[in-house]
Each structure stands twice: as C-alpha cells, then as structure tokens.
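Take a look at the structure below.
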2 protein chains.
Amino acid sequence: MTKTIENQSQTMLTRFKLRHTQGRIDILMLFNQFQFALSNADIEENIGAQYDRVTIYRTLKTFLDKGLIHKVLDDSGILKYALCSHDCHEEEGHHHHQHVHFKCIGCGQTNCLEHVEIPNLLLPEGYKAEEANLLISGTCKACNEKPKK
Amino acid sequence: MTKTIENQSQTMLTRFKLRHTQGRIDILMLFNQFQFALSNADIEENIGAQYDRVTIYRTLKTFLDKGLIHKVLDDSGILKYALCSHDCHEEEGHHHHQHVHFKCIGCGQTNCLEHVEIPNLLLPEGYKAEEANLLISGTCKACNEKPKK
DNA sequence: CTGTGTGCAAACACTTTGCAGGTGT
DNA sequence: ACACCTGCAAAGTGTTTGCACACAG
C-alpha cells in the first residue's frame with residue numbers, strides 16, 4: 001500500500017520531468033496519502049523526515065508551476081494545495097478550469113469534490129469567465145456520522 | 001454624493017450598534033465607494049486620512065464579527081473583505097450563505113456578483129453544506145471593452 | 001464617567017531571497 | 001560534469017498583542 005503510493009509519486013515526478021529527490025517524493029506521498037488539501041504548515045507537521053520550511057515552499061511552488069498541484073482557496077487566508085485530478089492536463093499552467101472543494105468546519109479538512117460540476121452561471125453582460133473556484137463549507141460525511149458530543 | 005456615502009456609512013454604524021468614530025466611517029465609506037473587495041493593504045493605501053495599520057486590522061475584525069462585511073476568497077492568499085449585501089442579515093455571524101465573487105485577471109478587482117445564484121449542487125452522500133463561496137476568475141466588463149494593447 | 005477605540009512598539013507568523021554546498025541525471 | 005535541489009541565514013511582509021492615552025456615548 002505504502003509502496004503503491006510511493007510508486008505513484010515516483011511516476012508523477014517522471015511524468016512531469018522533475019528530478020526524483022527524497023523531499024519531493026515524501027511531499028507527493030503526503031498528497032497521495034491524505035486526500036485533502038494541505039498547506040505548507042500541514043506538510044511540515046505531517047511529513048516524517050525533517051525538511052526545511054523553505055524547501056517545502058519551493059517544492060510546492062515547483063509543483064504548482066509544473067501543474068502537479070493546484071491552489072485551493074481557504075477562508076483562513078492560508079493557501080492550501082491539492083493534487084490535480086487526472087483530467088487536469090499539464091498544459092503549462094492552464095489546468096482544469098474549475099475546482100470544487102469542501103471544507104469541513106468540524107475537522108477542518110478540505111477535500112476536492114471531483115465529481116461535482118459547477119453549472120454554467122449566468123454572468124452579467126460583458127463578463128467572461130476563465131476559471132471557477134468553489135469552496136463549500138459545512139460538515140463532511142465522517143463528521144456527520146460521528147456527532148460531536 | 002460623497003455626502004450620501006457618508007450618511008450611508010453612519011447609518012450602518014448605528015444599525016449595527018457600533019460607535020461612530022472617524023476611522024470606522026472612513027473605512028465604511030471606502031467600501032461603499034469602491035464596490036469591490038478590499039484587503040487591509042488596499043484600505044491603507046486608499047484611505048485619505050492616516051490610520052494606523054493596526055487600527056484597520058481591528059476595525060475590519062470588528063466589522064466582520066458584527067456582520068457588516070464578509071470575507072472574500074482570493075487565490076493570492078491575502079484576505080479581502082466586502083460589504084454584505086442587503087439581504088445579509090445580522091444574525092450573529094450567520095450571514096447570507098452564499099457569496100459569488102468575480103476576480104478580474106486584468107485589473108485585479110474582485111466584485112461581488114449579488115445577482116448570481118449558486119445552483120444547488122449535488123453533494124456526495126453524507127455531506128451537508130452550510131455556506132458556499134464561489135470565486136470566478138476571468139475578465140470583467142471594463143477590461144473586455146478596453147482590450148489590452 | 002466608563003467602556004471602548006486608537007496609536008505606538010514589539011512580538012509573532014508566514015513567505016521570499018541569496019548563497020554555499022550537496023545531489024540527481 | 002553540470003544543472004538544479006537543499007539548508008541555513010536573513011530579509012521582507014502580513015498579522016496579532018500589550019499598554020497607555022483619547023474619545024464616544
């Protein structure tokens with residue numbers, strides 16, 4: 001299982017023509033392992049090995065530039081990132097044009113809702129949409145099932 | 001006109017049971033004047049008088065708590081705020097449950113699209129939505145009409 | 001007069017940059 | 001061998017806190 005995640009991460013690095021370094025592999029594994037959006041701090045806390053904070057920043061920026069991950073909006077003002085989904089092609093910065101995320105106010109996790117589509121919205125005259133980013137807040141399945149006492 | 005905006009701001013302070021101080025009035029006037037989302041820094045730059053940066057932070061936090069303004073998501077990681085719309089009642093932190101904003105990649109302005117409704121989304125089993133925050137990026141009317149040379 | 005807002009200073013947190021040395025290919 | 005990653009230090013930027021004084025009600 002862990003092996004699978006590691007292979008998955010290795011494959012991604014190859015596919016995006018990035019050097020295979022331990023740091024990148026570990027960070028990618030984290031993204032593959034947790035399926036919700038992570039901030040720089042989240043990674044710092046959850047990663048097994050010790051990496052410099054700066055390295056994580058730079059790695060995330062690299063991944064972002066290359067299109068492995070995308071930004072996830074958050075109402076806390078802290079940027080989070082998540083893996084791009086499979087249909088998110090590496091067209092030089094032009095990703096999948098819509099992202100739907102769900103932030104649970106119970107556990108704080110932000111998940112990608114890949115199968116939820118944003119309907120076409122009626123924009124006012126003259127506006128042209130390029131990208132849509134929807135953040136839904138509420139309670140997730142797990143938190144609904146385990147009601148807080 | 002300016003007078004109207006000032007009166008408007010004064011009225012809001014009264015309505016939300018807040019003390020009328022010059023700083024609050026000036027900041028509210030700014031929100032009423034510009035109709036797009038403002039960050040702390042935006043306010044600092046655009047306000048006529050000189051206010052301490054800290055005062056602006058605290059004023060925004062007060063407005064947020066009282067429900068005069070709401071957070072606007074941004075992909076830059078900087079928090080912005082905008083006035084709550086008229087149907088956004090002061091039910092102690094429980095605002096209007098959905099916000100649609102449009103961020104222009106041309107001029108950088110973020111506007112509220114008050115008349116755009118987020119359709120009911122089909123969430124996966126077990127998820128319960130409380131609030132929805134949609135950020136659409138693209139080019140606004142003004143920027144479309146004045147094509148960049 | 002009393003409670004709250006404001007300014008100043010300082011602490012704190014987050015992010016970026018420069019450089020020297022180490023590592024992947 | 002070379003380009004590029006990484007760690008460390010330091011600077012830059014955004015945000016919060018403590019305290020004394022000023023001001024609105």
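Numbered from 1 within each chain, the chains take letters A, B, ... in sequence-line order.
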Which part of the nucleic acid, if any, lies within reach of [X] when heavy atoms closer than 4.0 Å are counted: base, sugar-phosphate only, or nothing?
X	value
Arg24(B)	sugar-phosphate
Lys61(A)	sugar-phosphate
Thr59(A)	sugar-phosphate

Any donor-acceptor N/O pair, Asn133(B) side chain to Leu135(A) backbone, under 3.5 Å: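 No: the side chain of Asn133(B) does not pair with the backbone of Leu135(A).
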Backbone N/O of Leu13(B) and side chain of Arg24(B): donor-acceptor pair under 3.5 Å: no
Contact under 4.0 Å: Thr21(A) side-chain N or O vs dT6(D) OP1/OP2: yes
Side-chain N,O (Tyr57(B)) to OP1/OP2 (dT16(D)) below 4.0 Å: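 So the side-chain polar atoms of Tyr57(B) never come under 4.0 Å of the phosphate oxygens OP1 or OP2 of dT16(D).
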Pairs involving residues 54-63 of chain B, ordered by first then second residue, that meet side chain to side chain donor-acceptor pair (under 3.5 Å) (sequence neighbours left out):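 For residues 54-63 of chain B: none.
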Residue pair Asp42(A) / Ser39(A), side-chain donor-acceptor N/O under 3.5 Å: yes
Test: Lys141(A) and Glu125(B) ion pair at under 4.0 Å: no
Range on DNA chain C touched by chain B, heavy atoms, distance below 4.0 Å: dG3(C) to dA9(C)
Residue whose closest nucleotide on DNA chain C lies nearer the 5' end, Tyr51(B) versus Gln22(A):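 Between the two, 5'-proximity favours Tyr51(B).
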Distance, nearest 0.5 Å, that separates CZ of Phe102(B) from CD1 of Ile136(B): 7.0 Å
5'-most by nearest nucleotide on DNA chain D - Arg53(A) or Val54(B): Arg53(A)
